[in-house]
Amino acid sequence: MEQSKKILSFLCSFSECLFFGGLTYGWVALVFVLKDRGFFSDECDEDTTVAPLLNESDDSCGSVANSTEVSCSGQDGKLQVVFMVAAFTINGTAFIIGPIYDKYGTRLVRIVFSVFLALAFILLALSDPEKPNILFPATMFLSSGGIMILLSNIQVGNLFGRWRSTIVTAFSGAFDSSAFVMLLVKIGYDGGVSMQTSFIILAVATLGFNLNTWIFLPVKHIPWPLPSDWGKPTKVDEETKENPPEQEEMKVYGESEKVNGSHVDKTDDKNSSQSQLHDLLEREYPNLRTCFISPMYLLLLLWLSVIQLRHWFFLGTFNPWINGMSCDKSEVSKYTSAFASVQFCGILFAPLCGLILDRNRKKKTSTGRDASERTFLDDLEDSILAFVVTIIITLLFCVMIIVPILEVQYVTFVLQVLSRAFLYGLAAAFIATAFPMQYFGALYGSGMILTAVFGLLQWPLFQITQSVSGGDPLAVNIFVLVLNFVPFLLPLYIHFYVKKKRVAISQQNGTADPLSPTVT
């Protein structure tokens with residue numbers, strides 16, 4: 001593929017993720033608008049209470065008369081359910097669309113998400129306090145369309161060789177940063193632009209998806225590793241016509257094999273080595289079932305589930321939580337906008353994870369082998385640092401959210417965005433690295449639905465906060481903090497797994513370990 005077309009494909013895909021991908025995560029800004037317009041305010045008829053005070057000795061907030069922000073647990077609960085359903089839909093869609101994407105390819109998925117997002121924006125434009133339940137299908141379409149954007153665009157990273165992980169995590173960062181679009185809706189609302197107008201503009205903007213769908217991206221998939229001649233115009237002979245695209249995507253290593261009866265020779269020692277390394281991964285996971293039941297995959301799900309629960313609970317309860325530290329509506333608005341602004345920084349943070357994963361791509365192994373002969377064991381070992389960094393950032397986030405000082409929460413915002421920027425990009429890049437690429441859609445989608453089921457725990461946690469703790473989330477936050485030490489099991493397992501495999505291969509070959517780690 002021509003370099004200019006690669007860059008244009010990247011820019012279009014990146015823009016889609018940035019402006020439309022993770023709009024559901026902009027819930028913090030959107031819920032402020034929804035509450036101000038009175039969505040589900042009927043739930044407050046018999047259950048209206050003044051928000052808890054940051055400092056009960058402050059007379060300016062000590063009475064209903066002086067309070068400018070009223071908290072209603074019934075309304076908060078209903079909006080929490082809307083977000084929970086939307087968040088679950090993100091992962092549920094990945095589960096359903098993953099196998100469809102694997103079988104039918106890119107174009108079908110892109111057509112579906114274009115329709116879904118247009119419907120989502122139209123429904124949001126039509127919603128009003130008299131018809132608040134429209135929010136449920138609207139946010140479900142929004143979530144489904146957004147995750148399909150990310151899933152179909154991840155493959156663009158395959159066009160950029162050793163920068164693949166960085167590109168994948170950049171898309172994930174753009175997906176997270178798209179939450180800022182809801183901040184723009186809030187800013188427009190504060191400035192007099194109706195919510196209906198904003199979402200109608202977004203609905204019209206979905207027409208721009210056609211450019212990438214019909215011009216830059218393939219009908220099926222972009223293969224990995226990428227053949228040197230992929231995407232280049234070639235003379236079509238009868239033999240080529242007989243070869244379906246799926247078979248062409250399989251010819252990625254130059255190994256000796258037969259395709260439709262034609263013999264493909266090994267071109268050089270380098271390609272032969274690549275074929276051997278590919279076979280190693282294929283032998284480890286000969287079918288999809290072996291991937292599903294592997295400790296590697298199960299621990300990845302545990303790592304993702306626990307950290308994702310922390311983020312979902314934070315986003316879903318942000319408004320009542322921030323109201324609990326300030327009774328001033330203008331101050332609540334300020335901190336809501338501040339957090340939504342920090343969310344945009346996910347676009348800057350996510351590539352850092354990719355750089356950690358790719359840090360040894362250009363280095364030779366300790367035995368002097370060329371960097372192009374790296375194995376998936378080298379890539380697994382490089383991922384350990386990324387997992388540990390993500391867990392540590394998340395733990396710091398868990399600690400800071402417990403601090404009952406409003407000004408400190410700016411640090412909490414940064415840590416939350418940094419942790420989430422690492423989370424999904426790392427999960428996607430790791431699945432693409434640790435398992436055969438042909439199972440990516442199924443593994444990613446299944447992982448999303450299983451972690452979504454775990455994420456439903458946010459509802460009982462919310463109920464405990466409201467009914468047992470009297471609206472104080474301290475006990476729940478401490479529980480979640482302790483829970484977030486469990487993900488350390490994954491990097492520990494990877495370390496011992498890589499070590500064990502290298503010893504086994506060394507003993508099998510009867511020579512020095514050919515799969516030695518890269519020099520860090």
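Numbers here simply count residues along the sequence, with the first being 1. Values below: all heavy atoms of this structure, side chains included; hydrogens, waters and symmetry mates excluded.
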- request: Indicate the ring-plane relationship of Phe14 and Phe171, choosing parallel, tilted or perpendicular according to the 30° and 60° boundaries.
  value: tilted
message: What I'd like to find out is whether the side chain of Phe462 reaches to under 4.5 Å of the side chain of Phe313, using heavy atoms alone.
response: yes
Which donor-acceptor pairs under 3.5 Å do the side chains of residues 291-302 make with protein atoms, sequence neighbours left out?
| unit_1 | atom_1 | unit_2 | atom_2 | d |
| --- | --- | --- | --- | --- |
| Ser294 | OG | Cys291 | O | 2.8 |
| Ser294 | OG | Tyr297 | N | 3.3 |
| Tyr297 | OH | Leu443 | O | 2.6 |
| Tyr297 | OH | Gly447 | N | 3.0 |

Which atom of Val342 lies closest to which atom of Val417, heavy atoms considered: O-CG1, 3.6 Å
task: State the CG-CZ distance between Leu461 and Phe479, to the nearest 0.5 angstrom.
output: 6.5 Å
task: Quick one: which residue pairs count as a salt bridge (Lys or Arg N to Asp or Glu O under 4.0 Å) with a foot in residues 10-26, not counting sequence neighbours?
output: Glu16-Arg110
field: Closest non-hydrogen atom pair between Phe344 and Ser177, with its separation
entry: O-OG, 2.7 Å
- request: Supply the atom-to-atom distance Asn477 CG to Leu481 CG, rounded to the nearest 0.5 angstrom.
  value: 9.0 Å
Between Tyr444 and Tyr424, ring centroids under 6.0 Å: no
- prompt: Are any of the side-chain heavy atoms of Ile111 and Phe209 separated by less than 4.5 Å?
  reply: no
- prompt: Quick one: salt bridge (Lys or Arg N to Asp or Glu O under 4.0 Å) pairs with a partner in residues 414-427, sequence neighbours left out?
  reply: Asp176-Arg420
Close side-chain approach of Gln416 and Phe339, heavy atoms under 4.5 Å: yes
query: Is there a side-chain contact between Phe430 and Leu304 (heavy atoms, below 4.5 Å)?
result: no
Table please: side-chain donor-acceptor pairs of residues 383-401 below 3.5 Å, with sequence neighbours left out.
| unit_1 | atom_1 | unit_2 | atom_2 | d |
| --- | --- | --- | --- | --- |
| Ser383 | OG | Leu380 | O | 2.5 |
| Thr390 | OG1 | Ala386 | O | 2.8 |
| Thr394 | OG1 | Thr390 | O | 2.8 |
| Thr394 | OG1 | Ser419 | OG | 2.6 |

Distance-minimising heavy-atom pair for Thr106 and Gln155: OG1-NE2, 2.7 Å
- prompt: Got a donor-acceptor contact below 3.5 angstrom from the Ser13 side chain to the Phe10 backbone?
  reply: no
message: For Phe88 versus Val453, what's the shortest heavy-atom pair and its separation?
response: CE1-N, 3.8 Å
- request: Walk me through it: do Leu474 and Ile402 pass the test side-chain contact (heavy atoms from CB on, under 4.5 Å)?
  value: CA-CA 6 Å; Leu474 178 62; Ile402 295 174; 3.4 Å; yes
field: Approximate separation, where rounding is to 0.5 Å, of Met182 CE and Gln343 CD
entry: 11.0 Å
- request: Begin from the C-alpha positions of Glu284 and Phe435 and carry the test side-chain contact (heavy atoms from CB on, under 4.5 Å) through to its verdict.
  value: CA-CA 9 Å; Glu284 186 72 14; Phe435 303 96; over 6 Å; no
- request: Would you confirm whether Gln409, through its side chain, and Ile322, through its main-chain N or O, come within 3.5 Å as a donor-acceptor pair?
  value: no
query: Do Phe318 and Phe314 make the cut of ring centroids closer than 6.0 angstrom?
result: yes
Side chain proximity check, Pro460 to Leu457, heavy atoms < 4.5 angstrom: yes
statement: Between the OG atom in Ser143 and the OH atom in Tyr25, the distance rounded to the nearest 0.5 Å is 8.0 Å
query: Can you name the closest pair of heavy atoms from Tyr439 and Pro286 and give their distance?
result: OH-O, 3.3 Å
Got a list of side-chain donor-acceptor pairs under 3.5 Å for residues 91-100, not counting sequence neighbours?
| unit_1 | atom_1 | unit_2 | atom_2 | d |
| --- | --- | --- | --- | --- |
| Asn91 | ND2 | Gln308 | OE1 | 3.1 |
| Asn91 | ND2 | Met448 | O | 2.8 |
| Asn91 | ND2 | Thr451 | OG1 | 3.0 |
| Thr93 | OG1 | Thr89 | O | 2.7 |
| Thr93 | OG1 | Ser144 | OG | 2.7 |

- request: For Ile154 and Phe440, run side-chain contact (heavy atoms from CB on, under 4.5 Å): C-alpha distance rounded to whole Å, both residues' side-chain angles, the deciding distance at 0.1 Å, then the answer.
  value: CA-CA 11 Å; Ile154 280 177; Phe440 175 82; 4.1 Å; yes
- prompt: Rounded to the nearest 0.5 Å, what separation is found between the CG atom of Leu377 and the CD1 atom of Ile494?
  reply: 11.5 Å
query: With a 4.5 Å limit on heavy-atom distance, are the side chains of Leu352 and Phe422 in contact?
result: yes
- request: Sort and list the pairs that fulfil side chain to side chain donor-acceptor pair (under 3.5 Å) and have at least one residue in residues 478-493, not counting sequence neighbours.
  value: none
Minimal non-hydrogen separation, Ser178 against Cys17, with atom names: CB-O, 3.4 Å
- request: Check whether any side-chain heavy atom of Met140 sits under 4.5 Å from a side-chain heavy atom of Thr24, and report yes or no.
  value: no
task: State the OG1-CD1 distance between Thr412 and Ile405, to the nearest 0.5 angstrom.
output: 10.5 Å
- prompt: Does some side-chain heavy atom of Phe113 sit less than 4.5 Å from a side-chain heavy atom of Ile149?
  reply: yes
